[in-house]
Amino acid sequence: MPAQKMKLLRSKSPLPLVLALMIGVASVWLFTYCRAKQTHGRRPILSFATAGPVLEALTNELPPQLKEPKEGNWKGWALQEDNLVRARLEQGALDSMINLLLFGTSFTTQPQVITMSDFEDPVVQARVTDLLQALRNPGNNERLIFLQNVLRSRGIDPESSAGVERTKTFVLENLRRVVQEQNTIREQFDEAGGESDQEAGLSKRSRVFRDRGISVDTTILSSFGIEGALRDMKDRAVLPKRSITRVAVIGPGLDFTDKGFGYDFYPLQTLQPFAIYDSLVRLGLAEPGKIEITAFDISQEVLEHLRRARDRAEKGENYVVQLPRESWPWGAEAVHYWRSFGSEIGTPIAPIPPPPALNGLVTRAVAIRPEVILSCKPVDLNIVFEQFAGSATRPFDLVIATNVFLYYDTLEQALALRNISTLLKPGEFLLTNDWLPHVPQTSMRSMGYTPVRYGESADWGDNVFWWQRQ
């Protein structure tokens, strides 16, 4: 790691905190709630031989069940924790419901709620009323249909007369919970920023969502940060030209209610796997048509979305992404990235017009070519607790994970890093905007980082860290 002082950057928006942190329900994230209790195709639990060195190195972080680590109790504990992680998708789905309530424009003409000062505020109450009505008659709105399933799984029928009041109570309870959580998170961020020891501050900040529901929401700015890091590494001759063919993207996410401003006027979409393809070709680090991307996620909604996109691509259909952008507060480099997004993977087309409530919003759209969609294979994998057998014979040249590890504590982060080392070829890199603990037993070494600024505000951005497999 370079010796210069590193700023505590974490995609920190200049918008009011309730919005800025609610959006931070970052990138592995989840509306697979309705399928969360189904049994997924289990992959093997990370072997004790692989996990053992981390357990030995972090004895102070071990739970009671692992105070004497053995293969038997390791497998039992890891399987239990994998189930608990997947169950956290349910809570993330409820957080997405509140994002939609406050920021959505597809079901209401009320203004967005940028700050939350009073639950009895007329705009908040009007939005709740409009959401209840929309849930009774969702039409083809896939976000509302998803939320219907979430509510029904809780025994609440939003379409029945008796269920309307229960739905209202449930929504308001979750609104209060989310606002209270934001206050707690703000305190934790402030505490991390006040640490005199820089590494201790980064470590605290990197685990701030470890007790929250897992969100799968996403943003184009994370991919902008990754392109910045890739360019930096190329310019320093760390990454040779045309050296990358196999890429793993951990937690690509879905765009349910845009992480920054809550846009929901376009269909669900995913961005990062295709953004990485686009960046690699634009930077000359890979050749078009010679890139394989594996998208690892635990959200069945994310995985099935990608499978459906592949099915359509096999029939020759493009995959269209909508790219809204606020007129402020993006910086010049971020705007340039937004304008160039898709240049190597598709064709610009007419975007879906924003609703009147979003007057002044700038937007564009790109139709991504079928062969690019087919380059991406979705795989159900918990990167902390499950191992991917395919990497033994065909390891990856690059692994990308943005806004993923802050949902875990130190032990889980170290296990993920150890697991990622088994995915990579020797000498190749993991790029992540989350600070991770250095554990020598992982065979991963922190080699540098790229600071990326998203806007004019000095603290709105990310540090993208480079981890190399030795």
Side-chain angles (χ1 to χ4, degrees), residues 11 22-36 38 40 85-86 88-101 103-104 106 138 140-150 209 212-223 226 249-277 293-313 319-324 341 352 365-366 368 372-373 376-383 400-404 407:
S11 303
M22 197 167 291
I23 71 182
V25 177
S27 169
V28 179
W29 96 172
L30 33 122
F31 359 26
T32 80
Y33 173 81
C34 53
R35 296 186 179 88
Q38 293 183 0
H40 71 287
V85 167
R86 292 173 184 274
R88 289 168 64 193
L89 293 171
E90 174 182 337
Q91 192 66 62
L94 298 178
D95 294 344
S96 292
M97 176 181 70
I98 299 306
N99 283 356
L100 185 67
L101 167 68
F103 312 136
S106 64
N140 295 322
N141 188 316
E142 57 191 332
R143 292 170 175 83
L144 294 173
I145 292 170
F146 166 74
L147 291 181
Q148 275 191 335
N149 291 328
V150 171
F209 292 150
R212 291 197 57 162
I214 295 178
S215 168
V216 293
D217 220 340
T218 186
T219 170
I220 190 176
L221 291 175
S222 295
S223 297
I226 292 297
V249 177
I250 300 172
L254 273 177
D255 194 346
F256 190 81
T257 44
D258 174 87
K259 285 181 65 176
F261 294 81
Y263 305 132
D264 65 326
F265 63 90
Y266 47 81
L268 293 176
Q269 62 185 26
T270 190
L271 295 174
Q272 193 163 65
F274 314 126
I276 299 304
Y277 190 117
I293 298 176
T294 300
F296 293 123
D297 213 302
I298 60 172
S299 163
Q300 295 307 303
E301 189 69 22
V302 173
L303 296 169
E304 290 181 13
H305 180 89
L306 284 167
R307 291 180 189 124
R308 290 191 296 269
R310 284 174 56 88
D311 289 343
R312 293 192 298 270
Y319 180 86
V320 177
V321 294
Q322 305 292 323
L323 305 169
F341 183 98
I352 296 173
V366 175
I368 302 175
V372 176
I373 307 305
C376 179
K377 179 182 178 181
V379 173
D380 187 323
L381 183 81
N382 183 335
I383 195 62
I400 304 292
T402 57
N403 302 324
V404 170
Y407 286 101

Could you check if a side-chain atom of R307 sits within less than 4.5 angstrom of a side-chain atom of Q300, using non-hydrogen atoms only? yes
Over all atoms of both residues, closest heavy-atom pair of A93 and L147: O-CD2, 4.5 Å
To the nearest 0.5 Å, how far apart are CG in N141 and CD in Q148? 10.0 Å
In Å and rounded to the nearest 0.5 Å, what is the CG to CG distance from D95 to L100? 12.5 Å
Please confirm whether F256 and F146 have ring centers closer than 6.0 angstrom. yes
Separation between CZ of F103 and CD1 of I98, rounded to the nearest 0.5 Å: 10.0 Å
Check: I226 and I276 side chains under 4.5 Å, non-hydrogen atoms: yes
For Y319, which residues count as a side-chain hydrogen bond (donor to acceptor under 3.5 Å, both in side chains) partner, sequence neighbours excluded? H305
Quick check: do V249 and T294 have side-chain heavy atoms less than 4.5 Å from each other? no
One pair to check against side-chain contact (heavy atoms from CB on, under 4.5 Å): I400 and Q272. What are the steps and the verdict? CA-CA 9 Å; I400 304 292; Q272 193 163 65; 4.2 Å; yes
Mind checking side-chain contact (heavy atoms from CB on, under 4.5 Å) for I352 and listing every partner two or more places apart, or none if nothing turns up? F265, Y266, P267, Q322
Just wondering, do I214 and Q91 contact through their side chains at under 4.5 Å, heavy atoms? no
Spatial distance of atom CD1 (I298) from atom CD1 (I250) [nearest 0.5 Å]: 12.0 Å
Verify side-chain contact (heavy atoms from CB on, under 4.5 Å) between F341 and I220, making sure each step is shown before the conclusion. CA-CA 9 Å; F341 183 98; I220 190 176; 3.9 Å; yes
Would you name the heavy atoms of L306 and A295 that are closest together and state the gap between them? CD1-CB, 3.8 Å
Donor-acceptor pair, distance only, cut-off 3.5 Å: does the side chain of S299 make one with the backbone of V302? yes
Please confirm whether the backbone N or O of G92 pairs with a side-chain atom of R212, one donor and one acceptor, at under 3.5 Å? no
Expected output: side-chain D264 to main-chain G104 donor-acceptor under 3.5 Å: no
Between V320 and Q269, which heavy-atom pair has the shortest distance, and what is it? O-OE1, 4.3 Å
Between V321 and T270, is any pair of side-chain heavy atoms under 4.5 Å apart? no
Is R310 reaching over with its side chain to a backbone N or O of C376, donor-acceptor style, under 3.5 angstrom? yes
Beyond-backbone contact of P378 with D297, side-chain heavy atoms, under 4.5 angstrom: no
D380 vs R86 side-chain heavy atoms within contact, under 4.5 Å: yes
Of all heavy-atom pairs between L144 and P138, which one has the smallest distance, and what is that distance? CB-CB, 3.8 Å
Are L271 and L323 packed together at the side-chain level, in the sense that at least one heavy-atom pair is separated by less than 4.5 angstrom? yes
S96 and T257: which non-hydrogen atoms are nearest, and at how many Å? O-OG1, 4.1 Å
Any donor and acceptor pair, going by atom type alone, linking the side chain of T218 with main-chain N or O of D255 inside 3.5 Å? no
